[in-house]
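Notes follow the structure.
Just so you know, ligand 1 is whichever comes first in the structure, and atom 1 is the first atom listed for that ligand.
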Amino acid sequence: PPSPHSLMQKALSLAQQSPPKPTNYCVGAVLFNPSTNEIISTGYTLELPGNTHAEQCCIQKLAQQHNVPEEKIAEVLPPNVAIYTTMEPCNLRLSGNVTCVDRIIAARNIKRVYLGVKEPEKFVGENEGRKKLEQAGIECVHVPGLEEEILRVATAGHEK
Ligand SMILES: Nc1nc(=O)c(N)c(NC[C@H](O)[C@H](O)[C@H](O)COP(=O)(O)O)[nH]1
Ligand SMILES: [Zn+2]
């Protein structure tokens, strides 16, 4: 099976496709089915129209593939799926849009979140999303080793 490092590397390569902006981060995400060792969806920030997040694009693209609304994603997700995201899921968005923590919890079958870095405190202060994910029975696993590259890509649109 692919290593967590190789899947996080894949998520980072997706993040590099995100158009840099000063008001968010360029993030990449991969939905992985450990039962079949298949990547079932990918996403990066702003990939889909609107102010979309990487994890949100992962989920919405899979829903589109199955012709279901995002709210019914649990019906088309295999059990025990994992999401790899270069930055931990947002728990508060300055835009007020639904957070990725809430989207992941609503998906029900995403049982593990692998994250490359914690969210910096620049926009929303401390991101307490991991506690909320764990309370929902979702395991959060930090994949070490790519922090510098992930943050360099994530903040490409921020003035130096
Ligand atoms: N995990 C994660 N994936 C993303 O694709 C992304 N862009 C962020 N970014 C988190 C950051 O906190 C929000 O981008 C700002 O709070 C602005 O909020 P909007 O993005 O405009 O809703 N975090
Ligand atoms: Zn988000």
Any N or O of Ser95 closer than 3.5 Å to N or O of ligand 1: yes
Please list, one pair per line, the donor and acceptor atoms closer than 3.5 Å that link side chains of residues 68-77 to other protein atoms, with sequence neighbours excluded.
from, atom 1, to, atom 2, distance (Å)
Glu70, OE1, Gln60, NE2, 2.9
Glu70, OE1, Arg103, NH1, 3.0
Glu70, OE2, Arg103, NH1, 2.9

Contacting atoms of ligand 1, where contact means under 4.0 angstrom from a heavy atom of Cys90: 1 (N)
Atom indices of ligand 1, in the order listed, that fall short of 4.0 Å to a heavy atom of Glu55: 1 (N), 2 (C), 3 (N), 4 (C), 5 (O)
Numbering as shown, the atoms of ligand 1 that approach Thr45 to under 4.0 Å (heavy-atom distance): 4 (C), 5 (O), 7 (N)
Validation row: Ser3, Leu7 side chains within 4.5 angstrom (heavy atoms): no
Salt-bridge contact Lys111-Glu139 (side-chain N to carboxylate O under 4.0 Å): no
Residue Met87 vicinity, atoms of ligand 1 by number, heavy atom under 4.0 Å: 1 (N)
Sub-4.0 Å atoms of ligand 1 with respect to non-hydrogen atoms of Tyr25: 6 (C), 7 (N), 9 (N), 10 (C)
Quick one: side chains of residues 20-33, donor-acceptor pairs under 3.5 Å with protein atoms, not counting sequence neighbours, listed by atom name and distance.
from, atom 1, to, atom 2, distance (Å)
Asn33, OD1, Ser35, N, 2.9
Asn33, OD1, Ser35, OG, 3.3
Asn33, ND2, Thr36, OG1, 3.4

Under-4.0 Å heavy-atom contact with ligand 1, by part of Asn51 that carries it: side chain
Thr23 and ligand 1 - part of the residue with a heavy-atom distance under 4.0 Å: backbone
NZ/NE/NH1/NH2 to OD/OE distance under 4.0 Å, Lys131 and Glu128: yes
Min N/O separation Ala54 to ligand 1 under 3.5 Å: yes
Which of the ligand 1 atoms, numbered from 1, are nearer than 4.0 Å to a heavy atom of Glu88: 1 (N)
Part of Leu94 within contact of ligand 1 (heavy atoms, under 4.0 Å): both
For residues 8-18, which side-chain N or O atoms pair as donor and acceptor with protein atoms under 3.5 Å away, sequence neighbours left out?
from, atom 1, to, atom 2, distance (Å)
Ser13, OG, Lys10, O, 2.6
Ser18, OG, Thr45, O, 2.9

Interfacing atoms of ligand 1 (cut-off 4.0 Å, heavy-atom, Val124): 16 (O)
Protein N/O/S atoms closer than 2.8 Å to the Zn ion (ligand 2): His53 ND1, Cys90 SG, Cys100 SG
